[in-house]
Amino acid sequence: MQRQHRQRGFRAQQRHPIVVLADNVDKANNMGGVLRTADAFLAEKVLSNRSEPDFGGAMGAEHWQPVEWNVDLQTAITRYREGGYVAVALEQRPGATSISQFCFPSRVALAIGSEMFGVSDEIMSLVDHIVYIPQAGLIKSLNVTTATAIALYEY
């Protein structure tokens with residue numbers, strides 16, 4: 001009974017107006033981690049352009065975190081922008097702003113990319129801002145779940 005009460009209370013919590021747009025994130029452990037991270041930071045929703053994968057690593061977050069599958073992310077960005085959201089891509093590109101210098105707007109559609117190729121050019125052409133996470137190591141690459149966690153924390 002106590003667990004059911006806690007779950008009802010959680011569902012009633014207000015979520016933050018940040019939507020995570022998972023662009024071709026297809027590895028189960030990464031998508032599960034994104035869902036778990038979005039849940040930890042009370043993101044409004046996760047949208048994926050992939051079919052529903054195995055949720056390896058989600059630890060049950062798929063039950064609490066609002067998520068939609070098989071979404072046309074280009075249409076979604078347009079819809080969210082019309083609703084007052086600012087489209088931001090998390091990507092290492094020339095001209096990108098360091099996440100530590102970026103002031104997140106109150107309503108954000110955050111595009112994150114696949115493990116191998118990042119955010120697609122089709123999605124990049126629609127965003128208002130590009131932010132990157134400064135890194136000191138030689139690799140200059142973070143796992144998508146780790147990068148999403150940093151971005152949601154900064155938001």
Side-chain angles (χ1 to χ4, degrees), residues 3-93 96 99 102-133 141-155:
R3 183 176 178 166
Q4 289 175 347
H5 178 70
R6 188 175 76 231
Q7 292 169 353
R8 260 194 308 274
F10 177 78
R11 286 187 173 147
Q13 279 186 297
Q14 185 168 349
R15 292 189 165 272
H16 302 290
I18 184 164
V19 177
V20 178
L21 308 170
D23 184 21
N24 291 311
V25 177
D26 60 354
K27 293 182 179 165
N29 61 328
N30 287 334
M31 195 63 216
V34 167
L35 290 176
R36 192 171 171 184
T37 300
D39 173 66
F41 290 100
L42 292 175
E44 181 179 326
K45 189 177 284 190
V46 174
L47 304 177
S48 173
N49 56 359
R50 305 291 295 191
S51 60
E52 190 172 336
D54 177 20
F55 302 114
M59 300 296 292
E62 70 277 10
H63 299 295
W64 314 114
Q65 175 58 49
V67 59
E68 291 181 25
W69 305 104
N70 292 316
V71 174
D72 179 333
L73 294 182
Q74 291 171 290
T75 301
I77 287 175
T78 301
R79 185 179 75 237
Y80 276 100
R81 287 176 80 201
E82 289 170 354
Y85 285 68
V86 177
V88 177
L90 184 59
E91 187 63 72
Q92 294 181 3
R93 296 260 177 123
I99 199 166
F102 185 71
C103 182
F104 277 94
S106 61
R107 300 173 74 159
V108 175
L110 178 68
I112 60 170
S114 73
E115 298 80 3
M116 293 296 295
F117 305 108
V119 179
S120 66
D121 290 337
E122 294 80 15
I123 299 301
M124 291 299 292
S125 70
L126 297 173
V127 300
D128 301 301
H129 301 281
I130 305 168
V131 297
Y132 73 94
I133 299 168
S141 174
L142 291 171
N143 175 277
V144 67
T145 302
T146 303
T148 301
I150 292 168
L152 291 177
Y153 177 82
E154 288 292 324
Y155 168 81

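Sequential numbering from 1 along the given sequence is applied to the chain's residues.
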> Show the nearest heavy-atom pair for residues Val25 and Gly113, with the distance to one decimal.
CG2-O, 3.5 Å

> Listing request: all salt bridge (charged side-chain N to carboxylate O under 4.0 Å, His left out) pairs with a residue in residues 74-85, at least two apart in sequence or in separate chains.
Arg81-Asp128

> Of all the heavy-atom pairs spanning Leu90 and Ala147, show the shortest one and how long it is.
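In this case the closest contact between Leu90 and Ala147 is CD2-O, 3.4 Å.
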
> As a test of understanding, state which of Val34, Ile112, Ile150 forms a side-chain contact (heavy atoms from CB on, under 4.5 Å) with Thr145.
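Exactly one pass, corresponding to Val34.
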
> Does the Glu115 side chain pair with the main chain of Val144, one donor and one acceptor, at a distance under 3.5 Å?
no

> What pairs with Glu122 under side chain to side chain contact (heavy atoms under 4.5 Å, CB included), at least two apart in sequence or on another chain?
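By the side chain to side chain contact (heavy atoms under 4.5 Å, CB included) rule, Glu122 matches Gln74, Ser120.
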
> Minimum heavy-atom separation for Met31 and Ser48, please, with both atom names.
CE-CB, 4.3 Å

> What heavy-atom pair brings Ala96 and Tyr132 nearest, and what distance separates the two atoms?
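Ala96 and Tyr132 have their closest heavy atoms at O-CE2, 3.5 Å.
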
> Kindly compute the distance separating CD (Glu44) from CZ (Arg107), expressed to the nearest 0.5 Å.
7.5 Å

> Sequence neighbours left out, what pairs pass ring pair (Phe, Tyr, Trp, His ring centres under 6.0 Å) with at least one residue falling in residues 110-130?
Phe102-His129

> What's the spacing between Lys45 NZ and Leu21 CG if we round to 0.5 Å?
11.0 Å

> Rounded to the nearest 0.5 Å, how far apart are CG of Asp26 and CZ of Arg50?
4.5 Å

> Let me see the working for Phe104 and Glu154 under side-chain contact (heavy atoms from CB on, under 4.5 Å), right down to the final yes or no.
CA-CA 8 Å; Phe104 277 94; Glu154 288 292 324; 3.9 Å; yes

> Glu91: what forms a side chain to side chain contact (heavy atoms under 4.5 Å, CB included) with it, not counting sequence neighbours?
Arg93, Val119, Met124, Ile130

> Just to verify, what does Asn49 make a side chain to side chain contact (heavy atoms under 4.5 Å, CB included) with, not counting sequence neighbours?
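Side chain to side chain contact (heavy atoms under 4.5 Å, CB included) list for Asn49, sorted by chain: Asp23, Asn24, Leu73.
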
> Might you point out which heavy atoms bring Tyr80 and Ala109 nearest each other, and give the distance in Å?
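For Tyr80 versus Ala109, the nearest heavy atoms are CB-CB, 4.4 Å.
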
> OH/Tyr155 to SG/Cys103 distance, rounded to the nearest 0.5 angstrom?
11.0 Å

> With side-chain contact (heavy atoms from CB on, under 4.5 Å) as the test, would you mind laying out the steps for Leu142 and Ile133 before giving the verdict?
CA-CA 9 Å; Leu142 291 171; Ile133 299 168; 4.0 Å; yes

> Ignoring hydrogens, what is the shortest heavy-atom contact between Ala151 and Ile99? Give both atom names and the distance.
CA-CD1, 3.6 Å

> Would you compute the distance between atom OG of Ser114 and atom NZ of Lys27 and round it to the nearest 0.5 angstrom?
8.5 Å

> Any chance you could measure Tyr85, atom OH, to Ile77, atom CD1, to the nearest 0.5 Å?
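The distance works out to 13.5 Å.
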
> Among residues at least two apart in sequence or on other chains, which ones pass side chain to side chain contact (heavy atoms under 4.5 Å, CB included) with Ala149?
Thr37

